[in-house]
> 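Sharing a structure below in structure tokens format, with a few things to ask.
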Number of protein chains: 2
Amino acid sequence: MSGYELSSRFEASVGSTWSAGHSQIYPELVRLAADGLVEAGEPGPRGRKTYAVTAAGRDAVQAWLADTEPDRTVRDEAALRTFFLWLMTPEAARDHVQDELDAAEQSLDGLRLLAARRRPATPAERSQRIALEAGLRTTQARVGWARWALERLDDQAGRDDHPPG
Amino acid sequence: MSGYELSSRFEASVGSTWSAGHSQIYPELVRLAADGLVEAGEPGPRGRKTYAVTAAGRDAVQAWLADTEPDRTVRDEAALRTFFLWLMTPEAARDHVQDELDAAEQSLDGLRLLAARRRPATPAERSQRIALEAGLRTTQARVGWARWALERLDDQAGRDDHPPG
DNA sequence: CTCAACATGTAACTCGTTACATGATTGA
DNA sequence: TCAATCATGTAACGAGTTACATGTTGAG
């Protein structure tokens, strides 16, 4: 697969959990090739370079999966902003949550499209389906949250003195 | 509030959505002070330095909230690994998902504790409660996903030829 | 012929983590 | 007195983003 292709596929498949721009991928492929984890194939039409995983590369992935703990650090800017809802005008706060709702619904549409494709046949596809399900469920949760939050904000608007504008 | 205190509170409150180590906080406070967004107060007992937000600082936060779009980039290493379930032995795959389940359940316990505290009284507390709800719901979704995934893996184990060990 | 998509790279910068380094105060 | 906790910093490194920079191929 070429760097360009990797870059596109990243967006399309694992893109919901991780992303990488081409400026990160090209140098990394060179590095991986130097380490013998991938090897370059025949150059294609317009300067296209393809790489294939080597046995050592596959081992390295498996070693990573087996020997290292996942880093569970979360970094969710939209959620962070929710902590500061009280610094916004009631309208801005509502807009923020509405934006979250829209974003989540849109993301959900995309994921559902992927899920509807064809039923997974290979082990790799079955894994992808399981990973996709995680996205589906957490995104549904975000949709549910945003609807709940909107109601709650509207409820509060009736009673409260609003913070500074 | 001092840098040390900020560092601890980060962990305890917004920690579920964002984190920062002390090595990031101390230099940042110096920078913010130089920009007039916070100001240093009287030094305390053991070299303790306290800072307070200035009006300019509050404005800057509000400008950030109002003028910039949240970055919705997700980076979820545990979810990424799920894409590679098929490269693991069936046991390792199951363990991975079980670890996710354990982590999610533990995180959920912590969030529930926070949610049970006292009912929010101030606008800031109400915002925190709404933010917390997001954590609660997405974490519940992760628990649900992990249980579903375990069942699915066990189902498959009965039928499939397993990939390389 | 021209535009979109294919295709690859480099450089500067920012953000965050890990490790290094030090010292004061308090309670057991 | 000794350990934990409070308290603050710096330096090196790695990961990732943005912007810069260039060239090819195919379709309309």
Side-chain angles (χ1 to χ4, degrees), chain A residues 1-35 37-52 60-61 63-64 67-81, chain B residues 1-35 37-52 60-61 63-64 67-81:
Chain A
M1 205 184 279
S2 69
Y4 187 85
E5 222 177 329
L6 271 168
S7 189
S8 326
R9 297 257 186 122
F10 239 96
E11 193 64 22
S13 78
V14 284
S16 51
T17 52
W18 207 271
S19 62
H22 73 271
S23 62
Q24 203 182 347
I25 287 173
Y26 292 126
E28 188 64 20
L29 281 171
V30 172
R31 220 213 47 169
L32 289 172
D35 291 356
L37 304 179
V38 299
E39 58 186 359
E42 308 276 287
R46 37 199 132 171
R48 187 171 195 269
K49 297 177 186 174
T50 53
Y51 295 88
V61 174
W64 173 66
D67 303 339
T68 64
E69 283 283 296
D71 174 2
R72 291 180 217 277
T73 312
V74 176
R75 215 164 266 283
D76 183 340
E77 189 188 313
L80 178 65
R81 282 169 185 243
Chain B
M1 206 183 279
S2 69
Y4 186 86
E5 222 175 330
L6 272 168
S7 189
S8 326
R9 297 257 187 122
F10 239 96
E11 192 64 21
S13 79
V14 284
S16 51
T17 52
W18 206 271
S19 64
H22 73 272
S23 62
Q24 202 182 347
I25 288 173
Y26 292 126
E28 188 64 21
L29 280 170
V30 171
R31 221 213 48 172
L32 289 172
D35 291 355
L37 304 179
V38 298
E39 58 184 1
E42 308 275 289
R46 38 198 131 171
R48 187 171 193 268
K49 297 177 187 174
T50 54
Y51 295 88
V61 174
W64 172 66
D67 304 338
T68 64
E69 284 284 295
D71 174 3
R72 290 181 217 277
T73 313
V74 176
R75 215 164 266 283
D76 184 340
E77 190 190 311
L80 177 65
R81 283 170 184 243

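Below, read A as the first sequence line, B as the second, and so on, with proteins coming before strands; counting in each chain starts at 1. Note that the structure is predicted; figures quoted are calculated from it, not measured.
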> Using the closest heavy atom to pick a nucleotide of DNA chain D for each, name whichever of A/S19 or B/Y26 lands nearer the 5' end.
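The residue closer to the strand's 5' end, by nearest nucleotide, is B/Y26.
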> So, is A/Y4 near the phosphate of C/dC6, with a side-chain N or O under 4.0 Å from OP1 or OP2?
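A/Y4 to C/dC6 OP1/OP2: side-chain N or O found under 4.0 Å.
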> If I take atom CD1 from residue A/I25 and atom CE from residue A/M1, how far apart are they, to the nearest 0.5 angstrom?
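Between atom CD1 of A/I25 and atom CE of A/M1 there are 10.5 Å.
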> Do any side-chain nitrogens or oxygens of A/Q24 fall under 4.0 Å of OP1 or OP2 in D/dA15?
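Result: no.
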> Taking OP1 and OP2 of C/dT25, is either one under 4.0 Å from a side-chain nitrogen or oxygen of B/R46?
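False: B/R46 side-chain N/O out of range (4.0 Å or more) of C/dT25 OP1/OP2.
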> Can you tell me how far the CG atom of B/L80 sits from the OG1 atom of A/T17, to the nearest 0.5 Å?
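Here the interatomic distance stands at 4.5 Å.
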> Can you tell me how far CD of A/E28 sits from CG of A/L37, rounded to the nearest 0.5 angstrom?
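One finds 9.5 Å between CG of A/L37 and CD of A/E28.
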> Rounded to whole Å, how long is the line connecting atom CZ of B/F10 with atom C1' of C/dT17?
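One finds 15 Å between C1' of C/dT17 and CZ of B/F10, rounded.
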> For B/P45 and for A/E28, find the nucleotide of DNA chain D with the closest heavy atom, then tell me which residue's nucleotide is more 5'.
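Comparing both residues, the 5'-ward one is B/P45.
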> Rounding to a whole Å, what distance do you find between B/L29:CG and D/dA7:P?
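In whole Å, D/dA7 P and B/L29 CG are 14 Å from each other.
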> Any idea which heavy atoms bring A/F10 and A/W18 closest together, and the distance?
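Nearest pair, atom of A/F10 first, then A/W18: CD2-O, 3.7 Å.
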> Counting the atoms with a prime plus P, OP1 and OP2 as sugar-phosphate, which does B/S23 contact under 4.0 Å by heavy atoms, base, sugar-phosphate, or nothing?
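The answer is base, as B/S23 lies within the cut-off (heavy atoms under 4.0 Å) of a base atom.
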> How many whole angstroms separate atom CZ of B/R31 from atom P of D/dG9?
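It works out to 16 Å between those atoms.
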> Return the value, rounded to whole Å, for the distance between atom CD1 of A/I25 and atom C1' of D/dT18.
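Rounded to the whole Å, the gap is 15 Å.
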> Considering just the side-chain nitrogens and oxygens of A/R75, establish if one lies under 4.0 Å of OP1 or OP2 belonging to C/dG16.
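Yes.
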> Starting from P on C/dT26, measure out to CZ on B/R48 and report it in whole angstrom.
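After rounding, the reported distance stands at 13 Å.
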> Write down the distance between CG (B/D71) and C1' (D/dA15), rounded to a whole number of angstrom.
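To the nearest whole Å, that distance equals 15 Å.
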> Around atom CD of B/E11, are there more than 12 heavy atoms from other residues, nucleotides or ligands closer than 6.0 Å?
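No - once you tally the heavy atoms of other residues, nucleotides and ligands closer than 6.0 Å, there are 12 at most.
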> Would you kindly give the NE2-to-C1' distance between B/H22 and C/dT18, to the nearest whole Å?
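From B/H22 NE2 to C/dT18 C1': 10 Å.
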> Can you tell me how far P of D/dT17 sits from CD of A/E77, to the nearest Å?
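It is 13 Å, rounded to the nearest whole Å.
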